Every structure is written in C-alpha cells, then in structure tokens.
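What follows is one structure encoded as structure tokens, with my remarks underneath.
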Amino acid sequence: MKVLIADDHGLYRAGLGFLLKDRLGVAEVIETGTLDEALDLLAHHEGVRLALFDLSMPGMAGPESLSAVKTTYPDAYIGVISASQ
C-alpha cells in the first residue's frame, strides 16, 4: 500500500509516516508540504491508495480543495489530518 501525507509540518509528516510503516505495514509513504506538490506527486506515483491532507497547509483553500483531488484520483481514499491550537 502507498500513502501520501501532505502537511506543512515536516516533523509531523515524519512521525506519521513512521507509524504507518512500522505499525500498519504500509509499504511506501510519500511526503509533501503543499497542495501543489501533493497533486504533482499523485500524478507521478501510481497506486496511492490513501492521501492524507492538512487543510491549513500552503495551497489549500479549505475542504473544497479536496474535491478536485477526489475527482482526479477517484480510487484513492482521502483523509483530513488537520489541527489547530
């Protein structure tokens, strides 16, 4: 299974990626910090089954930004990994 993590906090991406690989057996984790990079990576990495997005990272205009992702990559599951202080 391939997973994309799109979040602008590198340490959070790294930690979540480690957990996905170590605890859930995910074969490959692809990381990025912007929506534009996420879309580019999805276009170049076939077989991404799960894409996790931070709603407040660069390029995001809120949840409506994810509708374009879902339309372009209908076979991928889309999840939100956002938090605020």
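Here the structure is a predicted model, which is why all the values come from computation and not from measurement. Computed over heavy atoms, backbone and side chain alike; hydrogens, waters and symmetry mates excluded.
- Under the 4.5 Å side-chain contact rule for hydrophobic residues, V29 and L50 share a cluster.
- Minimum heavy-atom separation, G59 to S65: O-OG, 4.3 Å.
- Under the side chain to side chain contact (heavy atoms under 4.5 Å, CB included) criterion, T72 pairs with no residue at all, not counting sequence neighbours.
- Rounded to the nearest 0.5 angstrom, E37 CD and T32 OG1 are separated by 3.5 Å.
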For a quick test of your reading: what N or O donor-acceptor pairs under 3.5 Å do the side chains of residues 19-27 make, sequence neighbours left out?
none

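- Listed by chain and number, the residues in a side chain to side chain contact (heavy atoms under 4.5 Å, CB included) with P63 are L55 (sequence neighbours excluded).
- Under the 4.5 Å side-chain criterion, counting only non-hydrogen atoms from C-beta, V3 is not in contact with R49.
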Output a table of donor-acceptor pairs, distance under 3.5 Å, between side-chain atoms of residues 73-80 and any protein atom two or more places apart or on a different chain; print 'none' if there are none.
unit_1, atom_1, unit_2, atom_2, d
Y73, OH, A43, N, 3.3

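- Residue-environment remark: CD (E46) stays at or below the threshold of 12 foreign heavy atoms within 6.0 Å.
- Residues L35 and L16 do not share a hydrophobic cluster, clusters being chains of Ile/Leu/Val/Met/Phe/Trp/Tyr side chains in contact below 4.5 Å.
- Criterion: ILVMFWY side-chain heavy atoms under 4.5 Å apart, direct or through other members. Under it, L39 and L66 are part of a common hydrophobic cluster.
- Remark: H9 pairs with D7 by the side-chain hydrogen bond (donor to acceptor under 3.5 Å, both in side chains) rule, at least two apart or across chains.
- Summarising the geometry of A6 relative to A38, their closest heavy-atom pair is CB-CB, 4.0 Å, with the distance given to 0.1 Å.
- At least one side-chain heavy atom of I81 sits less than 4.5 Å from a side-chain heavy atom of Y12.
- In this structure E31 satisfies the salt bridge (Lys or Arg N to Asp or Glu O under 4.0 Å) test together with R13, sequence neighbours excluded.
- Taking each heavy atom of D8 and S56 in turn, the nearest pair found is OD2-O, 4.1 Å.
- Rounding to the nearest 0.5 Å places NE2 of H45 at 6.5 Å from CD of E28.
- Put simply, CG on L52 and CD1 on I5 are 6.0 Å apart, with the number rounded to the nearest 0.5 Å.
- Between the side chain of K2 and the backbone N or O of I30 there is no donor-acceptor pair closer than 3.5 Å.
- Between the side chains of D36 and T34, no donor-acceptor pair of N or O atoms lies under 3.5 Å.
- Applying the side chain to side chain contact (heavy atoms under 4.5 Å, CB included) rule to D40 yields the partners H44; only residues at least two apart in sequence or on another chain are considered.
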